[in-house]
Amino acid sequence: MRWSNALIPTLKETPADAVAPSHVLLLRAGMIRQLGAGTYTYMPLGLRVLHKAIRIIREEMDAAGALEVLMPALQPVELWKESGRFEAYGDLLMKLTISGGHHMALGPTHEEVITDLVRDLVRSYKQLPITLYQIQTKFRDEPRPRFGIVRTREFVMKDAYSIDADLGQLNTSYDKMYEAYCRIFDRCGVPYVIVEAESGPIGGDSSHEFMVPCSTGEDTVIFCEKCGYAANQERAEVGQTEATSPTPDAHAPAHESVATPGKKTIREVCEFLGVAESTSAKLLVYLADGQPAAALLRGDHELNEAKFRRALGVSTVVPADAPTIEKATGAPMGFLGPVGIKIPMVIDRAIAAMPTVVVGGNAVDVHLKGVVPGRDFPLDRLHDLRNAEAGDPCPRCGSTLEVKSGLEIGHVFKLGTKYSKAMGARYLDEKGTETEIIMGCYGIGVNRIVAAAVEAAHDANGIIWPFSIAPYHVLVVPLQLQNAAVMERTSAIESALTAAGLDVLVDDRDQRPGFKFKDADLIGVPLRVVIGERGLKDGQIEIKWRHEESGLAVASDTAASAILAQVEAHRRKHDDWCADRRMGRSVPRAT
RNA sequence: CGGGGCGUAGCGCAGCCUGGUUAGCGCGCCUGCCUUGGGAGCAGGAGGUCACCAGUUCGAAUCUGGUCGCCCCGACCA
């Protein structure tokens, strides 16, 4: 391909709206163009990257035994009502009315459609297991699209669904997808970590996310450098090295009431009393499946609602509003405490480690000082309730947890029978018994692979594409277009490399060398080949890897084979890197 | 949905506070000359409903009100 025909609208200046590195560089490199909030056109170069990622995904999904289908993006809302997700998904679901007054939705994901498909299709255990996948544009009415192509209102997703007869089959299907994902992201050259995750509103009981650590990541990942434990913040456990005091000091002086007029927040109360926030506790009141329930945490800790929900064994927890709180506790928000509380209360483990604590007095403008946990209120329902933070002990090895932000590029779930139960998808087992099918679902945000690759590898001059998904492998830069020898060499190398299966772009623009080098760095093609009069005079041309500081001169008449040797060596190195990663990785086994 | 910011040529911006010729600058684009190993130089040229609507005024890019759009922080997020 010749640059002059390639439609690569590079920008010298950074568009004012772009902040995230991937957004800035993809725009500047002429790979994407914005239409509106969360909607982007992929220009030829950007589309090539997207297609290369898709090709890798397709190869690995096929190799894992999944079958490709293509389901409609346009779906009747009835299916969503049947699964119960019409309400749960809410405004994120893009709804529209078509002729005849039919209410439709543009698919944000396809559990409903796949379940509808297999409830007709799958009649016998002999047809199972089966995994179907598709690569398709999804639609979500995101309240806040962000960071260029990181969060958009329409995006390309690879979604797969395993249909299994029993839990054993599900675990096998899940592990296959998990391993396929590892190979996909390894091959795409994006550095990822795998974290334990909450399954969220999609339902199900086990889940892992594939995250690329980077500053524009929207998720918080908690991890332990020492043992490799990693989880997203919703899920991350706090290690239990906090000393607990099972026998409270019975001889401690009785607690006393203090007047704290108007001091409602933890900070206000602690400042007023001149104590550290970590010596106080807060009582948070929620509606758990509609019934009031409380969580008690250290003043400076944050409640993890997912942990709270599990501790109570309920399916939803929502913060209670002010009237509900007063009715349930007899005191307004800001003065709540555990002493004498009437509603069910679960307590974070950290509370048990506190000899005395400052808490609300369950009366207006009153707090209690010198309250002894275990003496002044029972410590019978201790749980890990708080968000893990940097510096907390690792739940596995006791070492220190760290926090990073991560960009989610893939997610695998065990759904179980959530959808088959709701939508009546059953098969006949060996004994002729009608049984609900068991499902798993597996998603990859394809556009996010592109964004993540840029986030993970760029410098001040531009993008540094991994070889496997680079729009072109080699950029040939002739410096003097009117020099016949230069142009002959250019064509010869272009044909030789193309014949060897490489994607070659030739910068045939009549521009000064510096101009072309700047654009070359910007679009991030991995290998640059410079052909100029000066080098040719000495029988040399220059080849330079984008990720390396300097290039090297090779003999011009054997340049093509030298380049191919470089490419071969680079590929081998990447393969070794992938193999190393696989060795160091433990695949989660079914429990 | 709450908070903040911004809409002037393809891109980056000035002008607005204090209303007044034909709305300006840099980059990019077109023509010519010149130059050629890290975004050169000179000369000439094209390109604008100043986001939109209404109002104030003799007169609005500029003042007022509304609408729309975009970005950032938060809430939300399979």
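Order of the sequence lines sets the chain letters (A, B, ...), proteins ahead of strands, with each chain counted from 1. Values below: all heavy atoms of this structure, side chains included; hydrogens, waters and symmetry mates excluded.
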Strictly by Watson-Crick or wobble contacts shorter than 3.5 Å, is anything paired with C17(B), and which nucleotide is it? none
To the nearest Å, how far apart are E408(A) CD and C76(B) P? 16 Å
Determine the Euclidean distance between corresponding P atoms of C30(B) and U18(B); express it in Å to zero decimal places. 44 Å
Which pairs count as side-chain hydrogen bond (donor to acceptor under 3.5 Å, both in side chains) when at least one residue sits in residues 10-30 of chain A, sequence neighbours excluded? T10(A)-D519(A), S22(A)-E455(A), H23(A)-Y40(A)
Does the pair E237(A)/K307(A) count as a salt bridge with the N-to-O cut at 4.0 Å? no
How far, in whole Å, is A40(B) from C29(B) if one measures between their P atoms? 11 Å
Please determine whether any donor N or O and acceptor N or O are separated by less than 3.5 Å between the side chain of R144(A) and the base of C77(B). no
Protein heavy-atom contacts under 4.0 Å, written 5' to 3' over nucleotides 33-43 of chain B as B (base), S (sugar-phosphate only) or - (none), form the string --BBBBBB---
side-chain N/O R33(A) vs G10(B) OP1/OP2, d < 4.0 Å: no
Can you check the E13(A) CD to G28(B) C1' distance for me, whole Å? 9 Å
Contact class for P15(A) (heavy atom, under 4.0 Å): base, sugar-phosphate, or nothing? sugar-phosphate
Roughly, in whole Å, what's the span from CG in D219(A) to C1' in A75(B)? 15 Å
Tell me which residues in residues 16-27 of chain A lie within less than 4.0 Å of RNA chain B, going by non-hydrogen atoms. A16(A), D17(A), V19(A)
Considering every strand and a 4.0 Å limit on heavy-atom distances, what is the contact class for F155(A): base, sugar-phosphate, or nothing? base
To the nearest Å, give me how far apart CG (D141(A)) and C1' (C1(B)) are. 13 Å
